[in-house]
Trainee: 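One structure follows; several queries about it will come next.
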Amino acid sequence: MTYAFPEGFIWGAATAAHQVEGDNTNSDFWVLENAPGTIFKEPSGDACDQLHRYPEDIALLAGLGFGSYRLSIEWARIEPEEGHFSTAALDHYRRVLACCHENGIQPCVTFHHFTSPRWVAADGGWESEATADRFARYCEHATAHLGDLIAIGCTINEANLPASLAYAGVLPRQGLKEFAPFLKDAARLCGTTLDRFGPFLMSDPIKTRDVMLAAHCRARDVIRGGRGDFPVGITLAMQDLVAVPGGEAKRDEARAETFDVFLDAAKSDDFVGVQTYSRARFGADGPLPAEEGVPVLTMGYEYWPQALEGTIRYAAERAGVPIYVTENGIGTDDDAERVAYYGEALKALVRCMESGIDVRGYYAWSLLDNFEWIHGYGPHFGIVGVDRSTQARSPKRSAELLGATARANTYDAAQFRQEEPIDE
Ligand code: GCO
């Protein structure tokens with residue numbers, strides 16, 4: 001089976017600043033990772049040193065055949081103290097974006113990917129309304145400096161993640177503060193008290209959802225009104241929520257609590273960014289465990305690449321705006337499994353295209369093996385491997401196949417089935 005994508009379809013790979021840049025010392029997550037008793041498996045440290053190695057990474061991405069790079073800019077670097085905007089940090093990102101253009105890569109820029117400056121987290125963070133205004137002000141400055149070089153803008157990454165995890169029972173509904181004693185020390189190290197401390201994913205998930213939604217809407221408006229002319233949207237963590245017979249009501253409740261408020265707000269956006277890794281099943285009493293016989297990945301969810309079809313369909317139908325798949329991928333040490341995953345996921349994407357859904361682009365998560373938050377460097381999502389002692393990059397077969405797909409703008413199912421590299 002082959003499928004030719006429409007002209008102009010965007011193919012890329014994604015990363016996030018904190019996961020690849022290294023030494024993001026002014027961010028709230030840096031404090032969380034290094035606090036005594038932390039629940040993080042290891043600190044991010046140098047990450048992939050992309051702060052210095054971005055020219056190599058961008059050239060690599062272009063050489064593989066991709067046309068776009070989804071990266072995030074780091075608020076903690078750009079506004080290290082409230083109201084102080086670092087021209088040096090903004091100039092750094094200007095060089096990064098210029099480097100993308102020099103390599104024929106369209107930059108898709110995420111303004112917030114989980115991390116915030118310490119001062120934001122110390123003053124209410126994502127539990128405080130004030131953060132919505134502060135975020136919009138930061139976006140306004142960043143757009144004034146960078147907007148002419150941005151091809152696609154994502155305000156906030158996975159703003160619905162805390163609410164989704166709370167609904168699934170992974171996060172306590174009132175947040176982690178009572179349950180994770182290290183947060184008290186982390187708050188102190190940030191110069192605040194536990195009740196004022198509000199880093200993403202560590203805070204009250206429902207308040208976070210509401211503040212992030214407000215922040216997104218304000219940011220979207222200032223970004224649109226600023227320098228440059230590019231589509232602006234939000235990205236959402238979207239598992240395919242499916243009901244076993246009798247589970248429809250619970251599935252719909254989960255959709256309402258975790259997707260719908262954002263998808264409804266996205267009706268006024270230029271697109272929705274869909275980020276899908278797996279599915280979640282619902283029975284009459286709520287979330288169900290993995291189905292027997294379906295492999296469970298290191299991240300704890302099912303190997304279910306076809307999930308992408310359901311999430312694209314749901315997002316497109318509810319929001320009624322174009323879709324970008326801003327993340328899709330698998331954490332595995334076995335690149336053959338990754339190739340098989342992408343083969344199935346792209347097939348699901350093709351089914352959506354064939355039924356006329358307006359999908360404009362697809363980004364693999366991730367360009368690089370990188371810092372996977374509380375899991376540290378254990379899970380490998382990269383299509384390019386990174387040697388942790390030398391920082392040497394080595395593209396995997398999955399990178400070559402996705403790059404070839406991008407270059408041809410055509411999906412060829414047979415390629416994703418071959419055992420041996422196509423060019424050898
Ligand atoms: C997220 C983030 C990424 C993750 C990726 C793999 O979805 O949590 O956007 O930062 O690394 O999803 O888990």
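Counting convention: from 1, in listed order, for ligands and their atoms alike. Computed from heavy atoms alone, side chains included, the values below leave out hydrogens, waters and symmetry copies. Because the structure is predicted, anything quoted here is derived from the model rather than measured.
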Trainee: Can you tell me how far apart CD1 (Ile330) and NE2 (His380) are? Round to the nearest 0.5 Å.
Mentor: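 Ile330 atom CD1 to His380 atom NE2 measures 13.5 Å (nearest 0.5 Å).
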
Trainee: Thr15 and side-chain hydrogen bond (donor to acceptor under 3.5 Å, both in side chains): which partner among Trp365, Tyr54, Tyr69?
Mentor: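 For Thr15, the side-chain hydrogen bond (donor to acceptor under 3.5 Å, both in side chains) check succeeds only for Tyr69.
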
Trainee: For residues His112 and Trp126, establish whether the separation of their ring centroids is below 6.0 Å.
Mentor: yes

Trainee: When you check ligand 1 against the protein, what N or O pairs turn up below 3.5 Å? List the atom names and distances, or just say none.
Mentor:
unit_1: ligand 1; atom_1: 7 (O); unit_2: Glu158; atom_2: OE1; d: 2.9
unit_1: ligand 1; atom_1: 7 (O); unit_2: Glu158; atom_2: OE2; d: 2.5
unit_1: ligand 1; atom_1: 7 (O); unit_2: Glu327; atom_2: OE1; d: 3.2
unit_1: ligand 1; atom_1: 8 (O); unit_2: Glu158; atom_2: OE1; d: 3.2
unit_1: ligand 1; atom_1: 9 (O); unit_2: His113; atom_2: NE2; d: 3.0
unit_1: ligand 1; atom_1: 9 (O); unit_2: Asn157; atom_2: ND2; d: 2.9
unit_1: ligand 1; atom_1: 9 (O); unit_2: Glu327; atom_2: OE1; d: 3.0
unit_1: ligand 1; atom_1: 9 (O); unit_2: Glu327; atom_2: OE2; d: 2.6
unit_1: ligand 1; atom_1: 10 (O); unit_2: Gln19; atom_2: OE1; d: 2.7
unit_1: ligand 1; atom_1: 10 (O); unit_2: Gln19; atom_2: NE2; d: 3.4
unit_1: ligand 1; atom_1: 10 (O); unit_2: His113; atom_2: NE2; d: 2.9
unit_1: ligand 1; atom_1: 10 (O); unit_2: Trp373; atom_2: NE1; d: 3.0
unit_1: ligand 1; atom_1: 11 (O); unit_2: Gln19; atom_2: NE2; d: 2.9
unit_1: ligand 1; atom_1: 11 (O); unit_2: Trp365; atom_2: NE1; d: 3.3
unit_1: ligand 1; atom_1: 11 (O); unit_2: Glu372; atom_2: OE1; d: 2.6
unit_1: ligand 1; atom_1: 12 (O); unit_2: Tyr277; atom_2: OH; d: 3.0
unit_1: ligand 1; atom_1: 12 (O); unit_2: Glu327; atom_2: OE1; d: 3.2
unit_1: ligand 1; atom_1: 13 (O); unit_2: Glu372; atom_2: OE2; d: 2.6

Trainee: Parallel under 30°, tilted from 30 to 60°, perpendicular over 60°: which one fits the rings of Tyr411 and Phe416?
Mentor: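 Answer is tilted, since the angle falls between 30° and 60°.
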
Trainee: Sequence neighbours excluded, which residues qualify as ring pair (Phe, Tyr, Trp, His ring centres under 6.0 Å) partners of Tyr362?
Mentor: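 If we apply the ring pair (Phe, Tyr, Trp, His ring centres under 6.0 Å) test to Tyr362, skipping adjacent residues, the hits are Trp11.
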
Trainee: Have a look at Glu127 and tell me which of Arg196, Lys207, Lys177 forms a side-chain hydrogen bond (donor to acceptor under 3.5 Å, both in side chains) with it.
Mentor: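 Only one of Arg196, Lys207, Lys177 forms a side-chain hydrogen bond (donor to acceptor under 3.5 Å, both in side chains) with Glu127, namely Lys177.
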
